[in-house]
Amino acid sequence: MKMMMGSSFPEEVLEHVFSFIERDKDRNAISTVCQSWYEIERWSRRRVFVGNCYAVSPAILIKRFPDVRCLELKGKPHFADFNLVPEGWGAYVAPWIAAASSAYPWLEEIRLKRMVISDDTLELISKSFKNFKVLVLSSCEGFSTEGLAAIAANCRNLRELDLRESEVEDLNQSSGHWLSHFPDNYTSLVSLNIACLNSEVNFTALERLVGRCPNLRNLRLNRAVPLDKLAILLRRAPQLVELGTGEASDLRPDVFSNLLGAFSGCKELKSLSGFWEVAPGYLPGVYPICPRLTSLNLSYATTIQSSDLIKLVSQCQNLQKLWVLDYIEDLGLEVLAASCKDLRELRVFPSEPYGVEPNVLLTEQGLVSVSEGCPKLHSVLYFCRQMSNDALRTIARNRPNMTRFRLCIIEPRTPDYRTLQSLDGGFGAIVEHCKDLRRLSLSGLLTDRVFEYIGTYGKKLEMLSVAFAGDSDLGLHHVLSGCENLRKLEIRDCPFGDKALLANAAKLETMRSLWMSSCSVSFGACKLLGQKMPMLNVEVIDERGPPDSRPESCPVEKLYVYRTVSGPRFDMPGFVWTKDEDSALGLS
Amino acid sequence: MELQLGLALPSNPTSKAFDLNYYGFEANNKEVDLVIGPCYTPSPSYEDINDIINIDNNNNKRSFGQAFENSTRDRVVPRTLPLLLWNNNHPNEEDDPKDLENHSLFAANKNVGDGDGVVGWPPIKSWRKRLCHENQVVRAWNNQMVENGYVCGGRRASNSMYVKVKMEGVVIARKVDLSQHQSFETLTDTLMDMFRKWSEACEKNSNNYKLIYQDREGDWLFAQDVPWRTFIRSVQRLKLLKSSG
């Protein structure tokens with residue numbers, strides 16, 4: 001028993017006290033109190049979140065935290081979701097897993113977002129960690145059903161397998177049969193999300209799996225599971241809390257009545273998703289569950305129009321989260337506002353994002369209605385084709401509790417449709433009134449002025465997304481100099497250049513990352529930034545060939561800057577340029 | 001929360017020679033050296049930075065805007081792509097079933113074009129784009145069908161009529177929208193096209209396959225034995241069987 005200098009608490013007591021402290025921020029704080037607290041804390045930290053896998057290396061992590069049980073990593077920048085990051089850029093998880101396999105034999109949970117993971121790595125995971133429980137792969141790629149088969153076969157204590165929106169290769173031979181690799185005596189599944197799988201899954205194996213796992217709470221099926229099979233699964237697992245249906249296009253009365261019966265047995269069901277190609281005639285089948293639903297994702301339901309959506313939504317009085325296509329229209333959102341007073345999160349996706357003319361009657365009015373009627377609404381993602389400053393001001397005044405506001409007016413640089421002015425004032429009102437705003441995405445016609453508002457009022461803003469906006473470097477400067485809590489800034493197609501970037505270079509060390517593509521940042525400025533800021537990796541992503549084959553004043557295609565303690569990475573592809581470690585002016 | 005390893009948040013920028021964070025708003029006489037590497041010749045833009053950093057002698061605050069207004073940089077600004085938005089008018093209208101194939105969920109096609117528009121705009125994920133595209137193609141055709149006076153069996157509120165199709169020997173089933181067809185000929189042509197990818201070894205000839213369908217009673221019947229009207233009213237699913245002859 002080691003006694004602390006100046007403290008009467010033995011190590012074990014401190015460790016016990018620290019076990020109640022879970023938030024990273026708090027644990028980071030206590031680790032700075034003194035050396036012994038630092039030591040105790042680092043040995044007892046079980047959960048680590050690395051927001052940028054290149055900000056720190058596996059070796060550094062393991063050295064500081066020798067006994068981690070839950071590891072969460074994020075890889076590619078957010079704009080990779082929209083194909084702005086070229087294939088092969090990086091975010092490979094293999095080195096992390098290789099290091100963890102020897103350092104963390106008791107690892108239980110791995111959560112990855114936007115990373116590349118191979119079948120080999122999945123197999124390594126399945127064999128290295130005897131107590132492995134949770135695997136969440138969010139927007140990941142690089143693996144196939146072979147890798148999933150290894151997880152199924154070897155992870156005896158697996159509770160959660162969540163493939164959220166990942167790209168999984170289908171190998172025709174084994175597709176669907178990976179599920180059969182769960183051993184017959186495996187019964188610990190709690191959560192299974194395979195909604196992103198394109199291929200069919202072996203239904204017999206699925207049915208048996210569901211049938212023998214009494215703790216199954218969350219089941220998200222993929223499109224290929226038809227409704228008649230769904231009823232069978234529901235009868236096997238009436239304890240389900242979250243369900244994602246498969247496709248539901250064939251309307252058959254016998255299937256319908258069977259499903260209705262099955263649904264009525266699911267007394268715990270609170271969350272529904274799926275509904276691919278659902279024949280509207282099936283929707284009454286879910287009416288009995290509607291009053292209990294807190295979460296509803298209809299954003300894949302391309303076959304449900306406004307009137308059916310209204311009928312459905314008006315019965316979901318306890319709804320907290322709704323994801324839906326713009327088929328809901330202004331009228332449907334009005335009904336939502338009147339019926340769902342507990343609504344906290346709304347996402348409205350475009351049904352025809354590339355159409356020139358609007359195909360639905362969804363305007364700014366729908367969002368205004370919801371902002372008026374739903375007092376707890378704080379998270380919004382809204383795609384539409386017109387907006388006005390008035391509407392934005394109204395929304396801001398209605399919902400000062402807004403924390404996430406992402407507006408996408410589909411045509412870039414669209415002005416206020418009533419006044420033909422910029423939308424500076426409207427977004428200004430949002431940042432001014434919504435004092436707890438953490439995330440903001442801008443669109444429409446915007447000048448430098450909107451950034452002045454953001455810099456002035458956006459004091460809690462952590463993430464900002466900007467596209468086709470601003471007039472000059474002043475805009476970028478306002479944001480970088482004003483937003484004290486800014487962590488992530490992503491910009492595309494804006495006339496921002498070297499000045500604001502270089503004038504605020506130190507700010508970049510306080511942020512996780514900055515992305516700028518199709519802007520006016522010159523290669524020369526990137527070089528300078530990289531040379532002068534050793535704690536930053538300045539990556540120039542340019543598929544036009546070596547930047548020094550062009551004048552230094554030539555703007556780069558894409559720039560990704562992030563802070564790091566592990567120096568330049570070693571896995572950069574040919575189209576990424578950064579400073580050379582050895583020479584201040586050379587290029588790697 | 002962030003893993004903060006040795007990254008002390010600089011409350012004041014580290015006071016090294018390279019202090020570009022000072023932009024001249026405060027009334028402060030401090031002059032800052034801009035240290036640049038010996039071999040690097042500053043391009044005109046960096047003179048502007050110096051303008052911002054150095055405060056002139058009579059201690060007048062220089063606004064940031066003023067500093068920038070004086071910039072007369074001639075910079076090559078990258079042109080953004082013209083915003084041609086994808087429209088519903090396909091140049092090859094008779095080929096729409098193929099569009100379904102190209103963009104169906106079974107094609108591992110990551111690079112769905114953003115129509116003729118800008119890359120990555122509007123900001124929706126690839127798999128949503130695929131969903132939207134499928135949907136758009138179907139609707140375009142359905143609109144045309146309605147215009148042409150063709151009304152399908154009326155079993156759904158929407159006009160599409162998807163049924164599952166399996167080809168003997170192929171693991172993955174497909175879907176076909178029967179509302180787009182008015183005869184067995186076009187249907188079998190479409191189906192053979194759909195399955196072309198998976199049966200390259202076999203001869204792709206509609207004579208090699210027989211189309212059968214399952215009716216409402218659950219019975220399997222040869223499609224060619226009944227009139228189209230009868231077929232379309234009762235078909236539940238389709239199968240393509242290899243014919244022996």
Side-chain angles (χ1 to χ4, degrees), chain A residues 23-25 28 48-51 56 60 64 81-84 172 198-200 223 249-251 277 279-281 300 302-303 349-354 356 383 408 410 412 472-474 477 493 495 497-499 502-506 509-510 518 520 524 531-532 552-555 563 565 584-585, chain B residues 1-7 9-10 13-14 18 20-21 23 36-37 39-40 43 45 48-49 52 64-65 68 75-78 80 83 85-88 105-106 108 110 114-115 117 119-129 131-132 135-136 155-158 160 162-163 171-173 236:
Chain A
R23 286 176 55 202
D24 281 0
K25 216 172 171 180
N28 290 346
V48 168
F49 168 76
V50 179
V56 65
I60 294 175
R64 173 143 179 209
D81 285 353
F82 317 126
N83 295 342
L84 287 179
N172 284 348
N198 287 328
S199 56
E200 280 186 16
R223 198 166 165 170
S249 55
D250 276 346
L251 181 59
E277 284 174 41
Y300 317 138
T302 51
T303 48
F349 295 96
S351 53
E352 285 181 25
Y354 306 112
V356 180
F383 284 81
C408 179
I410 288 175
S472 75
D473 274 49
L474 202 49
H477 173 72
D493 292 276
D498 302 343
K499 288 188 244 197
L502 294 174
N504 293 282
E509 263 184 20
T510 71
S518 305
S520 312
Q531 288 156 20
K532 293 301 169 180
E552 282 215 344
S553 56
C554 189
R563 65 181 179 182
V565 293
L585 300 169
Chain B
M1 300 300 288
E2 291 276 8
L3 178 69
Q4 289 165 16
L5 288 178
L7 289 171
L9 295 180
T14 47
F18 187 79
L20 284 185
N21 218 20
Y23 51 79
I36 305 171
C39 303
Y40 180 76
S43 63
S45 62
D48 294 329
I49 297 283
I52 299 160
F64 196 69
F68 279 174
R75 183 167 294 289
V76 173
V77 176
T80 53
L83 294 173
L85 294 179
W86 188 79
N87 60 43
N88 285 337
L105 61 137
F106 295 108
K110 284 187 196 181
D114 301 353
V119 172
W121 191 266
I124 55 176
K125 296 180 181 176
S126 313
W127 54 268
R128 271 196 201 281
K129 268 190 272 184
L131 210 59
C132 292
N135 186 44
Q136 260 174 301
R155 299 189 301 162
R156 288 183 187 73
S158 72
S160 65
Y162 280 103
V163 296
V171 172
I172 296 179
Q236 301 298 313

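Residue numbers start from 1 in every chain, and the chains themselves are labelled A, B, ... in the order their sequence lines are given, proteins ahead of strands.
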task = Provide the closest heavy-atom pair for B:W121 versus A:C408 in the form atom of the first, atom of the second, distance.
result =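 Taking B:W121 first and A:C408 second, the nearest heavy atoms are CZ2-SG, 3.8 Å.
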
Heavy-atom closest contact (B:V119 atom, A:N83 atom, distance) =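 In terms of heavy atoms, the two residues are closest at CG1-O, 4.0 Å.
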
inquiry  = So A:Y354 and B:P122, do their side chains get closer than 4.5 Å, heavy atoms only?
reply    =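 They are in contact (side-chain heavy atoms under 4.5 Å apart), so the answer is yes.
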
task = Name the region of A:Y300, side chain, backbone, both or neither, that has any atom closer than 4.5 Å to a heavy atom of chain B.
result =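 For A:Y300, backbone and side chain are both near chain B.
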
query = Can you list the steps and then say if B:I124 with A:F383 is a side chain to side chain contact (heavy atoms under 4.5 Å, CB included)?
reply = CA-CA 10 Å; B:I124 55 176; A:F383 284 81; 3.5 Å; yes

task = Select, from A:P350, A:S351, A:G281, the one with the greatest count of heavy-atom pairs under 4.5 Å involving chain B.
result =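 Sorted descending by pairs with chain B, the first entry is A:S351.
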
